[in-house]
Amino acid sequence: MSVALYPGSFDPITFGHLDIVRRAARVFDRVVVAVLQNTAKTPLMAGDDRADVIRLAVDQELPPDVARRVSIVWFDGLTVEAARHHGADFVVRGLRAVSDFESELQMAHFNRKLAPAIDTVFFMTALEYAYLSSSLVKEIARFGGDVRGMVPAAVADRLEATADRDWSTGPAVG
Ligand code: PNS
């Protein structure tokens, strides 16, 4: 059985990530979405919240025969250790643009140095999601902007429910 680990911060998961999960499930028997608990960036949602919301999104947005081959876990520490722990021989990552390439190449080399038996497989992000990034979604959500269309409904609902809505636009000028 082929198992792939798809690691990330997923803060929050976007339609771009979900598309990678769906496409990876066409190639691998099982896809383990691994949510990094302690990201260096200030997280919008706690690690286990992110994992809960991804489970909901996968079940709501992907066909049942795909969703049941996708598991969601959270991890702290090295990606390759999480891959070993979950029996994954492959790490999956998405590439949106050339700008992603350099850091992804470096990570893939590091991971292969640490665990030569684990290979990284890249999927090119679908064109319609190439502009999407969790950081920008996070910023829009923080300012109360509408992120539906960028993230699965489960995420948008969660963000709306927890948003500290402050619609003030600052002092009037002039
Ligand atoms: O979605 P992100 O934030 O770009 O994902 C980055 C992630 C989680 C894949 C990367 O930071 C990572 O693998 N972190 C775990 C620590 C680790 O293994 N570092 C060595 C890889 S070079």
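As the structure lists them, so they are numbered: ligands from 1, and atoms in each ligand from 1.
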Evaluating non-hydrogen atoms only, which member of N38, V35, L36 is closest to atom 8 (C) of ligand 1?
L36

Which residue and heavy atom of the protein sit nearest [atom], plus the separation:
atom: atom 18 (O) of ligand 1; value: T79 N, 2.9 Å
atom: atom 1 (O) of ligand 1; value: S9 N, 3.2 Å
atom: atom 19 (N) of ligand 1; value: L78 CD2, 4.0 Å
atom: atom 10 (C) of ligand 1; value: M107 SD, 3.8 Å

Less than 4.5 Å apart, side chain to side chain, heavy atoms only: is that true for [X] and [Y]?
X: E61; Y: F15; result: yes
X: L18; Y: V58; result: yes
X: M150; Y: T14; result: no

Does the residue G77 have a heavy-atom contact with ligand 1, meaning some pair of atoms that are separated by less than 4.0 Å?
yes

Should R93 be listed as contacting ligand 1, given a heavy-atom distance under 4.0 Å as the test?
yes

Is there a salt bridge (charged side-chain N to carboxylate O under 4.0 Å, His left out) between D65 and R69 once you walk through the steps?
CA-CA 7 Å; D65 59 312; R69 291 186 293 108; 5.4 Å; no

Is there a salt bridge (charged side-chain N to carboxylate O under 4.0 Å, His left out) between D52 and R55 once you walk through the steps?
CA-CA 5 Å; D52 286 351; R55 180 73 267 166; over 6 Å; no

Under a 4.0 angstrom heavy-atom cut-off, which atoms of ligand 1 come close to N111?
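Once the distances to N111 are compared, the set is 21 (C).
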
Per-atom contacts, ligand 1 versus F110 - under 4.0 Å to a heavy atom:
22 (S)

Identify every side-chain donor-acceptor pair in residues 119-135 under 3.5 Å, counting partners at least two apart or on other chains, and give the distances.
residue, atom, partner, partner atom, Å
T125, OG1, L95, O, 3.3
S133, OG, L136, N, 3.1
S134, OG, P12, O, 2.8

Assess the residue pair E139 and R142 against the criterion (salt bridge (charged side-chain N to carboxylate O under 4.0 Å, His left out)); give the C-alpha distance rounded to whole Å, side-chain angles, the decisive distance to 0.1 Å, and a yes or no.
CA-CA 5 Å; E139 185 169 300; R142 278 212 167 105; over 6 Å; no

